[in-house]
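Chain letters run A, B, ... following the sequence lines, proteins first, then strands; residues in each count from 1.
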Amino acid sequence: MARFLLRRLALGLLIMWLISLAVFALFFIAPNDVARTLAGRQATPETVALISARLGLDQPIWKQYLDFLGKALHGDLGYDYYHQVPVTEIMAQALPITLSLVVGGAIIWLVMGVFNGVVSAIRPRSVTDRSLTAFALFFYSMPTFFLGLLLLYFLYYQLTVAGYPIFPPGGYAPLSEGFGPWLQHMILPWFTLALVSAATYTRLTRASMLEVLGEDYVRTARAKGIRESRVITRHALRAALTPIVTQFGIDVGALVGGVVVTETVFSLPGLGKTSIDAINQQDLPVIIGIVLFASLAVVVANIVVDIFYAVLDPRVRLH
Amino acid sequence: MALLEVRDLRVAFNTPDGVLEAVRGLSFDVDRGSTLAIVGESGSGKSVATQTITGLTSGARVSGSARFDGTELIGASSEVLRTIRGARIGMIFQDPLSSLHPYYTVGWQIVEMIRAHDRSVSTAAARRRAADLLGVVGIPHARTRIDDYPHQFSGGMRQRVMIAMAMALDPVLLIADEPTTALDVTVQAQVLAVMRRLQEDFGTAIILITHDLGVVAEMSDEVVVMYAGSAMERAARRTLFYANHHPYSEGLLGSLPARGGARDRLTPILGVPPSLIGLPAGCPFAPRCPYAFARCWSETPPLRMVFDDPAHTSACWLTTVLGDRESLRAARVQRELDQPRASTPAPRVEVGP
Ligand SMILES: Nc1ncnc2c1ncn2[C@@H]1O[C@H](COP(=O)(O)OP(=O)(O)OP(=O)(O)O)[C@@H](O)[C@H]1O
Ligand code: SF4
Ligand SMILES: [Mg+2]
């Protein structure tokens, strides 16, 4: 187990190093005037000169890279020259919003997807199963931005027009201003993010459960006189969870796109929207910061999932 | 009154090709403390029949009766069946590799079973009992091995774990569905020895499903020979081996050496079992039977007493005068020579899983 962990960590470090190389190559040794690009379109020649000196662009490339890496490792991602604040500060403001969105959305989609999948698998081909599958397919085939707009139209616009202003049109209310407003602002974005993914999990859980329910050890559990509810949860679902966890690990990476779209539709000033703004403004340090951070998040999430996988399955853990 | 009385059990499944009659009017008794062996080719309905009795078949049409110690099991509520399963009827299955849950320790799985039927037993007490049981079935260092996972045991050891679990609540009936088929020969003998010892100690009745005539010879008191979902012959073990009546039994036992000790598989019989969908009237064995005559094709023979032995029944139209068989066989051979069919000869089919 310890060796497995170490191997996994080493691999994660290697990947992060490769990403840092790629980012450096893309943004720093691209054949254009880095200083000018970094400074943004509206920068004065003085700013450009200052940046050029600060970046040490006169140094040899390997030294520039080491410099970049050293600073990044110390949490120094440079300055956002457009807003005149450190990139880390911008990211620190955006992160809680993205975290609220991702954690809430992921919980909703996992609970919904797994629950619906289990219910479907208990009575395959029943009316319940068919309606849940239809429900899943409906949302599965829907683009995130379209679903977001639909929810906005019906649950914000129509409800508000009808005199029930329950949901705001967008924006964010930090938790520090109270749980209620935070929840009101998050619910629609959560479901936008969750419904599309929940469909995948419903189908995955259903297939996985159906397979496990046919296993000999489930028959053994029934032969032991275990209550059916416990057979489903402790015996079948426990074993069916493994592919679901694996999929979740993969999805954390794929989540990046969904987050960008959802935050844009609901004007949530999280990392996704910040990165779109940064791209529009050619705000390179911010883009680099977010790319590095997103990569780190995906790598860490995958390590966590692998550990979880090992915890779930003793055959992996003990070898 | 026998411990388990099964009468005219019928189990049918709806399949895309039509209604599949897996069990067609099966009747048998199991006495307290005795062993009933059920033998028959693959697909003859042995597993479906025994699993239906304990309520483990789903999506099937079931009729008939199975009285267990005074309680009717067919049509009983799932809660009644659940409390009987495990506590009063223990079960072990063919493949010990897949029958234990891979994610839980063997101790956990035994403790779960004990506590599922009696919440008042503390986990600690249940663990002690689990360790004792593992010792009883011959697992070395039971006290530490209780915390191991199934994949850390060999096949034979896993089957011992299954036996320990099935016996944990001292059931009056143990249903063993091919418990040794997946094990190699020396391990088979050990596992059977464990089962026999437990049977002697606890007075458990056993239904033993097997393909292995050696196992039948070694373990059983009575034998039911199944074919195409129903019993062809029921007899005491010795009777079945040395004075059987039904041509199917005769065929199965055909190559068994006289001294009875061999672990031969059931003998291959020419032809294949019939499809269980839309089975025609008449004796189901007729297409493969060397003695088949006109009546066999039109009327289904019921189980009836043969050789004046009340404990011996056979579902066959043949008289009990064994000499008649030779002339019937000769007549059939003659018929087939007279009208050669265009069809290819039936393949020789090995009986077995
Ligand atoms: N759930 C089911 N749906 C449809 N058909 C089934 C189902 N379960 C079993 N059958 C069919 O019922 C018949 C009897 O099966 P069963 O498993 O009882 O045979 P068996 O005598 O135990 O054979 P084996 O020696 O191979 O274990 C087979 O033809 C099988 O295909
Ligand atoms: S009834 Fe006829 S076909 Fe059937 S086993 Fe007896 S002799 Fe053979
Ligand atoms: Mg079977």
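Pairing each heavy atom of I303(A) with each of G12(A), the nearest pair is CD1-CA, 4.3 Å. The two residues V121(B) and A126(B) make their nearest non-hydrogen contact at CG1-N, 3.8 Å. Closest of all the heavy-atom pairs between H211(B) and S42(B) is NE2-N, 3.9 Å. Taking both residues in full, the closest heavy atoms of L271(A) and T98(A) are given as N-OG1, 2.6 Å, listed atom of the first, atom of the second, then distance.
Contact annotation for residues 78-85 of chain B against chain A (heavy-atom separation below 4.5 Å, listed by residue number): E79(B), R82(B), R85(B). Contact residues of residues 100-126 of chain A toward chain B are absent (heavy-atom distance under 4.5 Å). Residues of residues 200-237 of chain A lying under 4.5 angstrom from chain B, judged on non-hydrogen atoms, are D216(A), Y217(A), R219(A), T220(A), R222(A), A223(A), K224(A), G225(A), I226(A), R227(A), R230(A), R234(A), H235(A) by number.
Proximity to chain A (any heavy atom under 4.5 Å) is restricted, for Q51(B), to the side chain, taken from C-beta onward. Of the atoms belonging to H117(B), it is side-chain heavy atoms, and not backbone ones, that fall under 4.5 Å from chain A. Proximity to chain A (any heavy atom under 4.5 Å) is restricted, for Y149(B), to the side chain, taken from C-beta onward. With a 4.5 Å cut-off on non-hydrogen atoms, L100(B) touches chain A through its backbone but not through its side chain. Proximity to chain A (any heavy atom under 4.5 Å) is shown, for M113(B), by both the backbone and the side chain. Both the backbone and the side chain of S99(B) come within less than 4.5 Å of a heavy atom of chain A.
When only modelled atom types and interatomic distance are considered, T192(A) and T262(A) share no side-chain donor-acceptor pair under 3.5 Å. Side-chain contact, R145(B) with Q152(B): no donor N or O sits under 3.5 Å from an acceptor N or O.
More than 12 heavy atoms of other residues, nucleotides or ligands sit less than 6.0 Å from atom OH of Y104(B).
Scanning for salt bridge (Lys or Arg N to Asp or Glu O under 4.0 Å) contacts around D147(B) gives R127(B), with sequence neighbours left out.
Under the 4.5 Å side-chain criterion, counting only non-hydrogen atoms from C-beta, L9(B) is in contact with V62(B).
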